[in-house]
Amino acid sequence: MARALRKNPLRLWERLYLVAHLLTIDTAQLILNAITCVSLAILRGVPIRHYFRVAYNRYALGCLSPREIQHMSPSTATIYRIWIASTRAASQARINSGHATPDDQYILDYLHRHEEVLSDGESSILWVGDRRRAHKFVLFFHGGGFIAPMQDGHLEWCLRSYIQAGRLHDQHVAVAVLQYTLAPEARYPVQLSQAADALAYLLKLGVRPRDLVIGGDSAGANLAAQVMSHLLHPHADARKIALPLEERIAGVFAVSPWVSARTDDQSMADNALIDMLSPVIMEKAVQELFGNHNKYNAEKKRGQGWAMPADVDTGAWYKGLGKFVEKVYVTLGTQEVFRDQSIVFAEGIRKTNPDIDVVLEEAYDEAHDFILLEGKQKEDGNATRRMRKWIEGVFW
């Protein structure tokens with residue numbers, strides 16, 4: 001069974017301070033965030049429903065420290081166990097009541113809790129779908145700025161975009177969700193090492209690259225970008241990955257990718273008040289991920305883009321990636337602070353890799369990571385349907 005990664009809990013006085021803080025200053029900040037985000041959404045002519053959730057996420061990421069966020073949130077493994085149990089229970093209840101959907105029996109047959117600890121003894125794979133009967137696979141990295149655990153919306157997204165796509169094509173898809181160690185307990189490049197271990201483990205199980213897609217959202221998309229970099233330029237601190245000769249990974253997706261440590265581009269200024277992220281929030285996240293910045297700064301100076309590929313010459317860094325990856329899907333929202341860096345990332349890959357099918361998709365109505373917000377609402381929204389369409393094109 002996977003360990004629920006949580007160390008260094010809050011002391012009693014820290015817990016008391018957190019409660020007092022939540023009841024006073026932070027309540028006012030939450031209200032202000034909601035008014036600002038929703039007002040800007042109205043002015044820009046976009047639907048406001050998800051912007052209430054945007055305001056809450058902005059409050060949590062902006063007002064709470066990483067340790068406070070981790071104290072208030074169940075671990076990734078705990079979220080996974082709760083979601084598996086509740087999803088199966090809901091399907092069984094609908095079957096018992098005579099109101100079953102086409103997916104309910106499929107969920108009971110193929111959705112079971114299955115956890116596997118990786119070689120470092122810390123990270124683990126949490127399976128969504130039955131890997132022993134699967135034809136296609138997704139290696140999934142959750143977002144959260146490397147400081148927050150997975151949300152149940154991530155798992156709902158995987159179910160609706162990947163598992164259900166397989167059912168529609170009479171094939172089983174299994175999603176390997178990586179539980180990686182969060183910052184500040186572990187900093188770059190620990191998460192890359194754990195992601196490389198996860199990929200190596202899937203290959204050892206016999207998963208063929210042509211039957212595999214890799215990706216994630218936000219920080220998870222950053223981790224997918226790190227893995228692509230590692231395939232092309234093996235990092236000394238991570239396990240080297242050897243793909244079968246002349247076989248490429250079917251696809252890599254990056255939802256609202258965090259691929260630059262900069263906070264001074266135009267989209268940061270344009271969307272600082274409407275998105276769930278802001279320059280201040282991202283400066284804090286950069287500090288938590290890199291600590292003293294020595295390793296990141298040294299790599300950046302040498303033009304090496306493992307950590308933040310949009311901070312170097314992205315095209316030059318990824319030149320030759322087509323040897324390892326067949327398709328890349330980058331999706332972003334016009335209203336998000338990562339808009340500009342996401343475009344630089346996608347266009348850089350496209351510029352020097354004519355043998356990769358790069359799809360860059362921008363949705364005007366969306367801010368950061370709307371597919372996750374749709375998952376939280378258990379809905380097949382636009383972002384979820386677009387992702388399902390893309391993976392159908394990759395696999396079938």
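Numbers here simply count residues along the sequence, with the first being 1. The model shown is predicted, which means the values in this text are computed figures rather than measured ones.
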For Trp390 and Glu361, test the side chains for any donor-to-acceptor distance below 3.5 angstrom and give the result as yes or no.
-> no
Have Glu116 and Ser124 got a donor and an acceptor in their side chains that come within less than 3.5 Å?
-> no
If you measure from [atom1] on [X] to [atom2] on [Y], what distance do you get to the nearest 0.5 Å?
X	Y	atom1	atom2	value
Phe137	His172	CZ	NE2	11.0 Å
Ser267	Gln335	OG	CD	11.0 Å
Met308	Thr314	CE	OG1	12.0 Å
Tyr180	Phe146	OH	CZ	5.5 Å
Met150	Asp217	CE	CG	11.0 Å
Ser193	Leu118	OG	CG	10.0 Å

Please name all residues satisfying side chain to side chain donor-acceptor pair (under 3.5 Å) with Gln92, sequence neighbours left out, ordered by chain then number.
-> Asn96
Which residues pass the side chain to side chain donor-acceptor pair (under 3.5 Å) test with Asp365, sequence neighbours left out?
-> none
Starting from Leu12, walk the hydrophobic network (Ile, Leu, Val, Met, Phe, Trp, Tyr; side-chain heavy atoms closer than 4.5 Å) and list everyone else you reach, by chain and number.
-> Leu16
Taking side-chain contact (heavy atoms from CB on, under 4.5 Å) as the test, write out the residues that go with [X], two or more places apart.
X	result
Asn353	Tyr318, Leu321, Ile349, Asp355, Ile356
Ser342	Pro257, Val330, Leu332, Phe338
Ala34	Ala55

Distance-only check: which donor-acceptor pairs under 3.5 Å involve side-chain atoms of residues 218-228, not counting sequence neighbours?
{"residue": "Ser218", "atom": "OG", "partner": "His368", "partner atom": "NE2", "Å": "2.9"}
{"residue": "Asn222", "atom": "OD1", "partner": "Gln226", "partner atom": "NE2", "Å": "2.6"}
{"residue": "Asn222", "atom": "ND2", "partner": "Trp258", "partner atom": "O", "Å": "2.8"}
{"residue": "Asn222", "atom": "ND2", "partner": "Ala307", "partner atom": "O", "Å": "2.9"}

Those residues that, when tested against [X], pass salt bridge (charged side-chain N to carboxylate O under 4.0 Å, His left out) (two or more places apart):
X	result
Arg15	none
Arg58	none
Glu288	Arg187
Lys376	Asp152

Of Arg385, Arg49, Arg160, the one forming a salt bridge (charged side-chain N to carboxylate O under 4.0 Å, His left out) with Glu379 is Arg49
Which pairs, with at least one residue in residues 271-280 and sequence neighbours excluded, count as a side chain to side chain donor-acceptor pair (under 3.5 Å)?
-> Arg44-Asn271
Contact check, side chains of Ile107 and Leu159, non-hydrogen atoms, under 4.5 Å | yes
Using the side-chain contact (heavy atoms from CB on, under 4.5 Å) rule, take Met276 and Tyr56 through it: C-alpha gap first, then chi angles, then the decisive distance, then the call.
-> CA-CA 8 Å; Met276 69 178 72; Tyr56 174 79; over 6 Å; no
